[in-house]
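Lettering follows sequence order; numbering is per chain, from 1. FYI, side chains are in, hydrogens and waters are out, and symmetry mates aren't considered; it's all heavy atoms of this structure.
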Amino acid sequence: MQASPTRSASTASLGSWYRENARDLPWRRPEFLVEFGAWGILVSEFMLQQTPVARVIPHLKAWLARWPSPAALAQATPAEVVHQWANLGYPRRALWLHRAAQEIVARHSGDTPRDVPALLALPGIGDYTARAVAVFAFGDRHPVVDTNTRRVIARAIHGRAQPAPPSRRDLDDMALLLPADDAEAAVVNAAMMELGATLCGARRAVCEPCPLSTTCAWHAAGHPAGEDRRRRQAAYEGSDRQARGGVLRALRNAVEHQLPAMAVIPEWPDATQRDRAIDSLIADGLVEAQDDELRLPR
DNA sequence: GATGCGTGGCA
DNA sequence: TTGCCAAGCAT
């Protein structure tokens, strides 16, 4: 399917809206790319995977101050990396980022790759992150689809309140919205994400200032609730994830206070669950067992 | 395609 | 308070 006049009009208004309304975020500033290059974008995208923007910003600055290049991070130990990750959540991302840095050094001469297949081959990088780096760091033309983009497409294009579960077809939907020019396509990618993050929210949509409101299928239909096929998040209280988080928090705390790990492992109501959490952390490489003692991995 | 995987703010 | 939500990825 080729570009329709209606769609062209929509994306054109998106670009001007973005240039006037985009938030001033660190990784969008020209000096950020000058100082840290594509590596800075890659690190920001790792941290932004499922972690809110406001929590990422201070951690990103500290991380890049300590490890401003893939070569610098590649020389760190897993323990340093997991500790620096702190409370960002999903700490396996820290290990993946560390391994990605080592592979960039080993296989790409320390330069963050530009090609999507090369990016996809790095640990912790999937369809979203690979294209986000290629587009926002290198200016190439690819569809970038995250949870915000999916929601905006579901509403503006398909007239549904909520997107269907993530699918590779989402990339095709987004590709159809991209203008031919590389730089403009990057702006449209960013604008769709920005719309979902600001006006077109999961809980609430503010349509009056939206550049897509005049062509939005969901708006035209009167905001029907529709079917919600989103995956429900499992309860966190009392979960294995909470137990893993408690153990890892204790190990980070042990490092900071130079205490033996077992002295700071919190009492856990369910010892079986605590041991299962420790075993799974060891299996993930996030924790190391040595002489009946636990520690962050060397 | 469905699950497991952290953490904290907000309604 | 409880549940929802957040620039996803690997298996």
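- Within the 4.0 Å cut-off from OP1 or OP2 of B:dG6, not a single side-chain nitrogen or oxygen of A:Asn87 is found.
- Shown here are the side chain to side chain contact (heavy atoms under 4.5 Å, CB included) partners of A:Asp279, two or more places apart in sequence or in another chain: there are none.
- Interface limits on DNA chain C: the 5'-most and 3'-most nucleotides within less than 4.0 Å of chain A heavy atoms are C:dG3 to C:dA10.
- Qualifying side chain to side chain contact (heavy atoms under 4.5 Å, CB included) partners for A:Arg298, counting only residues two or more places apart in sequence or in other chains: A:Glu288, A:Arg295.
- In this structure A:Arg141 satisfies the side chain to side chain donor-acceptor pair (under 3.5 Å) test with no other residue, sequence neighbours excluded.
- Cluster partners of A:Leu120 are A:Val116, counting Ile, Leu, Val, Met, Phe, Trp and Tyr whose side-chain heavy atoms approach within less than 4.5 Å, directly or via other members.
- Contacts classified as side-chain hydrogen bond (donor to acceptor under 3.5 Å, both in side chains) and involving residues 176-191 of chain A (residues at least two apart or in different chains) are given here: A:Arg19-A:Glu184.
- Across B:dT7, B:dT3, B:dG6, the shortest atom-to-atom separation from the side chain of A:Arg231 is found for B:dT3.
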Return a table of donor-acceptor pairs under 3.5 angstrom between the side chains of residues 56-67 of chain A and protein atoms on other chains or two or more places apart.
| unit_1 | atom_1 | unit_2 | atom_2 | d |
| --- | --- | --- | --- | --- |
| A:His59 | NE2 | A:Asn87 | OD1 | 3.3 |
| A:Arg66 | NH1 | A:Gln84 | OE1 | 2.8 |

I'd like a list of close polar pairs between nucleotides 9-11 of chain B and the protein, N/O only, cut-off under 3.5 Å.
| unit_1 | atom_1 | unit_2 | atom_2 | d |
| --- | --- | --- | --- | --- |
| B:dG9 | N2 | A:Arg203 | NH2 | 3.4 |

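- Rounded to the nearest 0.5 angstrom, A:Arg249 CZ and A:Leu251 CG are separated by 12.0 Å.
- Rounding to the nearest 0.5 Å places CG of A:Asp146 at 11.0 Å from CD of A:Gln49.
- Residues that satisfy the ring-ring contact (aromatic ring centres under 6.0 Å, His included) test with A:His223, not counting sequence neighbours, are A:Trp218, A:His219.
- For A:Arg28, the side chain to side chain contact (heavy atoms under 4.5 Å, CB included) partners two or more places apart in sequence, or in a different chain, are A:Tyr18, A:Ala22, A:Arg23, A:Leu25, A:Glu194.
- Where A:Leu120 and A:Glu194 meet DNA chain C, the nucleotide closest to each residue was compared, and A:Glu194 sits on the side nearer the 5' end.
- Paired regions of DNA chain B, where each region holds three or more successive Watson-Crick or G-U pairs whose two hydrogen-bonding distances fall under 3.5 Å, are B:2-5 with C:8-11, B:7-11 with C:2-6.
- For the P atoms, the distance from B:dG8 to C:dC9 is 23 Å, rounded to whole Å.
- No hydrogens or angles were tested; on distance alone, nothing pairs the side chain of A:Ser280 with the base of B:dG4 as donor and acceptor under 3.5 Å.
- Here A:Arg232 does not reach the OP1 or OP2 of B:dA2: none of its side-chain N or O atoms lies under 4.0 Å away.
- If you take atom C1' in C:dA7 and the same atom in B:dA2, they sit 22 Å apart, rounded to whole Å.
- Atom CG of A:Leu248 is separated from atom C1' of B:dG4 by 16 Å (rounded to the nearest Å).
- Legend: side-chain hydrogen bond (donor to acceptor under 3.5 Å, both in side chains) pairs involving residues 109-118 of chain A, not counting sequence neighbours, sorted by first then second residue: A:Arg114-A:Asp140.
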